[in-house]
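Counting begins at 1 with the first residue of the sequence.
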Amino acid sequence: PYIRKVGNPPKKTLYFHALGIVVEWKSRTINDNFGVHTDMEIIEIKENKKQFLPLLLLADEQESMIDRYIDRGTMYVLVDNGVKCECVVTDEGKGILEIKNIATAPEYKGKGYGKALIDFVAAKYKGKYSILQVGTGDSPLTVPFYEKYGFARSHSIENFFIDNYDHPIFEGGVQLTDMIYLQKKI
């Protein structure tokens with residue numbers, strides 16, 4: 001009951017001015033038990049996923065890395081009077097669903113949109129997968145975010161960012177080297 005479909009309203013066109021993104025969508029509503037967001041839309045994007053590239057690049061700053069998962073992944077955008085957040089999830093086998101990319105537009109960070117999208121994904125895939133996993137750099141900005149929402153460190157890949165990116169990546173003043181995986185049961 002956390003997610004409910006709201007009829008079949010006509011398609012609407014939204015324009016997210018900061019990123020120049022246009023998307024057509026059908027309504028879906030999340031009712032937030034905490035009253036933070038009373039009417040958000042989460043839409044699955046099946047075509048033209050690259051229209052969200054400016055938002056995707058906020059979480060993964062090299063387009064060739066995004067190309068590795070965008071076509072095989074399922075993409076969702078969260079709309080609340082404009083596109084606020086996106087995520088791409090992939091089936092990694094053995095009951096693991098991985099969040100490959102999740103980003104909130106900078107001016108909307110800290111308003112619960114990322115958490116709402118993670119909650120949506122966990123609820124939607126509960127029963128189909130047993131683990132929700134995310135890989136990220138060992139950053140003081142991202143790891144605490146995931147830990148706050150029930151993810152625990154699982155494993156890491158040494159030198160992932162050095163070996164796979166064509167430039168050094170810094171976040172929160174820290175150069176990212178290892179990929180840190182965090183998991184939670186769903």
Is any side-chain heavy atom of [X] closer than 4.5 Å to a side-chain heavy atom of [Y]?
{"X": "Ile157", "Y": "Tyr181", "result": "yes"}
{"X": "Lys115", "Y": "Ile118", "result": "no"}
{"X": "Ile45", "Y": "Ile43", "result": "yes"}
{"X": "Cys85", "Y": "Val77", "result": "no"}
{"X": "Leu182", "Y": "Ser154", "result": "no"}

Partners passing side chain to side chain donor-acceptor pair (under 3.5 Å) against [X] (at least two apart in sequence or in another chain):
{"X": "Glu61", "answer": "His167"}
{"X": "Glu63", "answer": "Lys50"}
{"X": "Asp60", "answer": "Tyr69, Tyr165"}
{"X": "Asn164", "answer": "Arg68"}

Crowding at NZ, Lys109 (>12 non-hydrogen neighbours, <6.0 Å):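 Atom NZ in Lys109 is not crowded, with 12 or fewer foreign heavy atoms closer than 6.0 Å.
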
Test ring pair (Phe, Tyr, Trp, His ring centres under 6.0 Å) applied to Phe160 - qualifying residues, sequence neighbours left out: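 So Phe160 forms no ring pair (Phe, Tyr, Trp, His ring centres under 6.0 Å) with any residue.
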
Partner set under ring pair (Phe, Tyr, Trp, His ring centres under 6.0 Å) for Phe170, not counting sequence neighbours: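 Here no residue qualifies.
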
Asp71: partners by side-chain contact (heavy atoms from CB on, under 4.5 Å), with sequence neighbours left out: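 Listed in chain order: nothing, the list is empty.
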
Any residue meeting side-chain contact (heavy atoms from CB on, under 4.5 Å) with Tyr125, in chain and number order, not counting sequence neighbours: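 Tyr125 satisfies side-chain contact (heavy atoms from CB on, under 4.5 Å) with Thr74, Tyr76, Val89, Leu97, Val121, Lys128, Tyr129, Ile186 only.
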
Please set out all donor-acceptor pairs under 3.5 angstrom arising from side-chain atoms of residues 132-141, sequence neighbours excluded.
{"unit_1": "Gln133", "atom_1": "OE1", "unit_2": "Gln183", "atom_2": "NE2", "d": "2.6"}
{"unit_1": "Gln133", "atom_1": "NE2", "unit_2": "Glu98", "atom_2": "OE1", "d": "2.9"}
{"unit_1": "Thr136", "atom_1": "OG1", "unit_2": "Thr142", "atom_2": "OG1", "d": "3.1"}
{"unit_1": "Asp138", "atom_1": "OD1", "unit_2": "Arg153", "atom_2": "NH2", "d": "3.1"}
{"unit_1": "Ser139", "atom_1": "OG", "unit_2": "Leu141", "atom_2": "N", "d": "3.0"}
{"unit_1": "Ser139", "atom_1": "OG", "unit_2": "Glu171", "atom_2": "OE2", "d": "2.8"}

Other cluster members, Ile96 - Ile/Leu/Val/Met/Phe/Trp/Tyr, side-chain contacts below 4.5 Å: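 Answer for Ile96: Ile131.
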
Residues Ser156 and Glu158: side-chain donor-acceptor under 3.5 angstrom: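 Side-chain D/A pair, Ser156 to Glu158: absent.
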
Within residues 172-186 or reaching into it, pairs that qualify as salt bridge (charged side-chain N to carboxylate O under 4.0 Å, His left out) - sequence neighbours excluded: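 Every pair satisfying salt bridge (charged side-chain N to carboxylate O under 4.0 Å, His left out) with a residue in residues 172-186: there are none.
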
